[in-house]
Each structure stands twice: as structure tokens, then as C-alpha cells.
Amino acid sequence: MITVHRLCRFVLPALLLAGCCLHAQTTAERMAWFQHDKLGMFIHFGPYSALAGEWKGHQTPVGDEAEWIMQRFNIPVAEYREMAHRFNPSRFDAEQCVALAKAAGMKYLVVTAKHHDGFAMYQSKVSRYNIVDWTPLKRDIVKELADACKKAGIRFCVYYSHREDWDDPDGYGNNWDYDRAKKNFAKYLEGKSKPQMRELLTNYGPLGLVWFDRGLDTPAHAQEFVDMVRKLQPQCLINGRVGNYGRELMGDYQDMNDNGMPTGGLEEYWETPQTLNTTWGYSKFDQQWKSAGNVIQRLVEIVSKGGNYLLNIGPMGDGSIPAPSVATLRKVGEWMAKNSASIYGSSACPLPDSPWGRCTVNGSTVYLHVFAWPSDAILRVPGLKTEVRSAHLLVDPAHQLKVTREHGVTSIGLPARMPDDTDAVVVLQLAGALQVEREMVTQGSDAPLSLDYLKGATSGKAVKRFNRDGKFHISKWTGTADSISWRMLVSQAGKYRVRIRYSAPSEWAGGKYEIHVGSELVNGTVQTTGEGYQYRVFDLGTISLRAGEHAVVIRPTAELSHYLMYFESIVLDPVF
Ligand code: JFZ
């Protein structure tokens, strides 16, 4: 008989628990940690680390990826397997690795569970070609890192090369041992790729995210991996390289090209994977190490544009971490120890990039990251509309800095000496949420007016996006409430030819849109530009413009069952 006592003690809490588990997390809820944490450690580690960029006297050129050595020198599977048999990184210390990540201010860690060479860095029942069954080390590196991350409060994540597998006869990429025409890629997906992914999602505890790479042959196959992750670990995030680069984003967030630094303004979650030198896997030839200062400024640049920074280390063949990597990450950690309030939980800053540095925002607090100290120790911030309540150095909150505003420029009086030679952070406490002067599109003499991705402001469902094939564009708009607008200053009155550049697959042809340029109206009908992201320019005729400021807006004129177009830009060319 269920007593009141039993009801309160057991049944209710169970129901509550079930309720919260059953409640499907929204993307925003699942992405919250990712958006807060900003900085992660990437680890490229495998048998290629022991080769260190060299095979039988042939060197991987500095600048190229040493983890691609098997493909670069078409190393036969039998020989690569033989080399992997001797792979013995006994000096690898998971706790030391995680401690280094933590010291650098990194909050998540992504390790290559299997890279393109097909070798598993964990004990896989699917293939004996793994670190436990194939090498003298007989240790499960992925397990050791998962445990160390759990202990240190670092979010554990895995990288899995779901398409490329140069060891598997049916995998993608090895056309030197195996005849491409005879490959049965689906057999590799069903026989190795998917079962190994299931092992990783089942045997290593909760994963923060799965980092797939280089896309997949079809959206349907990519969706099978998405469905598997969603089913086995609903909270686990999926990066944008699960699907084909030339198609709609299938994961939770977009990945830039390697070492890619976006020009700005992305309005969806994104991350950029970057190296500390020029290779992911260890190369004894590559000493082109980035300085700690450069790494810190890259972090700020990325966070100031709303992204995450996944910074790589490539352990050596014995498992130890290259000293330059350790030194750089330690220095990053020293800066983060004093300045992480300006990074964690912050969002992209709408203020235009300044010659002196970048800015990040958190609510009504703005962090000005000064990379170059103004010679007159006066920091000028154009475009800030919100009143500044107070200003101080992040490292010296006791000393208020003098703030003045004139002609729309806010000036902050700084100490004569720069308190940090990489990035000195000035904190502005605003009287409310940050409001910024919209950037004005201007024209040179007889020059066109370019209304592009960067200076446009989106509204409704219109979103500024990136993918490798589509580059920077605006899409996801389907109806009259979705638009892009600009402030434009015409300095030469007269006739202008209106041209629009976009991409649209055949099924989007016929979509109607309108462009208001001041009091002028231009109507357009979407034409297909071909599959994938093929951009074309379309001439929409001429309009007459008076000199002065004009508001420009483009929007669909009806509700659509698909996106209007992948928009890139409108150009107004003077016709004098
Ligand atoms: C891939 C891998 O091939 C490489 O070994 C490493 O793991 C890296 C993180 O990812 O390399 C890529 C993938 C995508 C692009 C460039 C390199 N890209 O989209 O430009």
C-alpha cells in the first residue's frame, strides 16, 4: 500500500526526476555550457605521433598536417599497421594533460578517438586495431582521459573520423592500397564507423560533444549519426562537420575552416579549431609555434565574434606534450587567471572592430580588450550609445577611470603605462543593455554602395551564417517578418543600378522579395543558381537616389515553405 510517507519519499522525487529527464532540452539549453565555456583543448594523438612527420627519410613539409602522413606518402596498410604495433606512448599522463588544460582556462577537451588512419585510441570490440589490443601499451587512452576529465570537472568529448578511414578496405580515402571502384562505403559505415561510434557513446560516460570531421557522402548517412547521438546521449552536442560542407548545417554548431578567423557577426553557434604551430599531429620538424600573446589575442578575437576556440596539442610518440605547447598554455592560463571574467559567459560585441583591440560583452558590462595602448593614453570608443556609469581596469577595480563623451565618441582616460603587454582589459559598467550606433554604408566618389553581410542587421528568422562552401551569407528567412536592413549614406544623387548576389537551389525558384531603398521600391523573383552554394549576380534595374541618408531593407513578400535565398550582397552602382 503506497503510504503518504512512501509517496513523498520515493514516488514524487522519481516523478520529478523523470519529468526533468523526459523534458527534451532545447538547443539553447544544450548549448549553454558551450556558449559559456568558450575555450577547449583539442588532442590529436595516434600512431602518426610516433612518426613525428617522417617516413623512411621523407619529411612532411612544415605547414602540412603530420597526422596525414599515411596518406601523404601512401604508406601501405601493412607497413603502417606494423609501425602501429610498436606504438608505445608510455609517458602519456592523462591527469597531467587535463591539468594543463585546466591551468590554461580550458573547460572542455576533445581527443581523437579515431583519426583518418583508422586506429582507435580506445579498446574497441569492433576492431582489434586499437591502442589496447594492437600495441605494447595496452592502456585505454580515451578511458584515462575521460576519468581524468571527470575528476577535474572538465567536459570530456571525442573526435571521430566517421568518413575517412585509410585502414578499412571500404573506408574513404585510401586509394593506394584499395581500388576505389570496388569500395562498399555502406559496409564500412555499418561494419566499423557506426558500431565504434556506438561504443564511444556507451562506454565512456556522458560526452560533452562529438567532433565529427570532413562531412559524409549523403545527408541521410549523416543523419544516422545525428540520430544515434541524440538517442544514446540527448545532451551531447554535435559539430557541423557531421554533414556535408556544401549543405545545410546538420549539427548543433558550425566549425570554421581549420585556423579560420571569421570576419565577424555570425549569428549562430560556431567554433574554430586551431593549431599551436601548423600541424595537428606531432611533427619534430614544425617549430612554427604561435606566441602566447598571439594565442590570447586570437581567443579574444574569436570570443568577440561569438565563437569558441578549440586549441590543439599534439603529444609526441612517447606520449609527452611538446614543451613549447606547455609553455604557451601556461602563459594563456596566467592571463586567464586575471581576465577570464571578460571571456566566460560573454557574447559577441556589436561595436565595430577598433584599431586598439576588440570588445566582449556580458549583460550591461562591456570589456574593452586593448591590444595597442593609445599613445596619448586616451581610449576612444566610437558608436557606443548607452551611458557609461563607471570604468576601471579589470585588474584594478579600485581605481575609477575618467569617461567623457563627445560627438558620439566615448573616451576613457587610461594610466600612462599598459598593465599587460598582450591584452589589457578595461571594464565599462553601462547604465543599461549595450546599444550601438548602427554602422553606416558610405560611398567613395563615383563608387558603388555595397550592402553586405557585415553591415546589415537581421531581424526575424534571418541569420548570419557560415559554412565552408557557402562562406558568409544570410539565410533561414522564410516570411515577411524576416529581413535585412542597412543605414546608407548617398553622397552623390543620381541613378543607380541595383544588383543582388545570392545562391538558391531549384526548389526555391519563384520566391518573391522586395527591396526598399529610401522611398524607392525594387521587386525581385528568386531564380535558381544551381545546387550547393553557387552564387550569381542578378540585375534588378535602376533607381534614382537623392543625396543623404537612406534606410534600406530587403524581405520576402509572402510566407514561404523554404528559405528565400542564401543572400550575400546588394550593390548599387552609380549610372552617371
Ligand atoms: C581535418 C583533418 O583532416 C585534420 O587532420 C584535422 O583533424 C583537422 C582538425 O580537421 O582537416 C580539415 C578539415 C576541414 C577543413 C580543413 C582541414 N576545412 O573545412 O577547410
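Counting starts at 1 for both ligands and their atoms, in listed order. Excluded from the calculations below are hydrogen atoms, water molecules and symmetry mates; all remaining heavy atoms, backbone and side chain alike, are included.
Set against the non-hydrogen atoms of His115, the atoms of ligand 1 under 4.0 Å away are 4 (C), 5 (O), 6 (C), 7 (O). Atoms of ligand 1 found under 4.0 Å from any heavy atom of Arg214 (numbered from 1 in listed order, with element): 3 (O), 11 (O), 12 (C), 13 (C). In the vicinity of Glu67, heavy-atom distances shorter than 4.0 Å reach the ligand 1 atoms 4 (C), 5 (O), 6 (C). If you number the atoms of ligand 1 from 1 as listed, the ones under 4.0 Å from a heavy atom of Trp68 come out as 2 (C), 3 (O), 4 (C), 5 (O).
Between Arg241 and ligand 1, at least one pair of N/O atoms sits closer than 3.5 Å. Checked by distance only, ligand 1 and Asp213 come closer than 3.5 Å through their nitrogen or oxygen atoms.
Lys231 has no carboxylate O lying under 4.0 Å from a charged side-chain N of Asp227, or vice versa, which leaves the two without a salt bridge. A salt bridge links Arg30 with Asp252: at least one charged nitrogen is closer than 4.0 Å to a carboxylate oxygen. With respect to the salt-bridge test (charged N to carboxylate O, under 4.0 angstrom), the residues Glu199 and Lys194 do not qualify.
Using a 4.0 angstrom heavy-atom cutoff, Met256 does not count as in contact with ligand 1.
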Side-chain donor/acceptor pairs under 3.5 Å, residues 54-63, sequence neighbours excluded:
| residue | atom | partner | partner atom | Å |
| --- | --- | --- | --- | --- |
| Glu54 | OE1 | Lys284 | NZ | 2.7 |
| Lys56 | NZ | Glu79 | OE1 | 2.7 |
| Thr60 | OG1 | Gly53 | O | 3.2 |

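By the criterion of a heavy-atom distance under 4.0 Å, neither the backbone nor the side chain of Asn312 is placed next to ligand 1.
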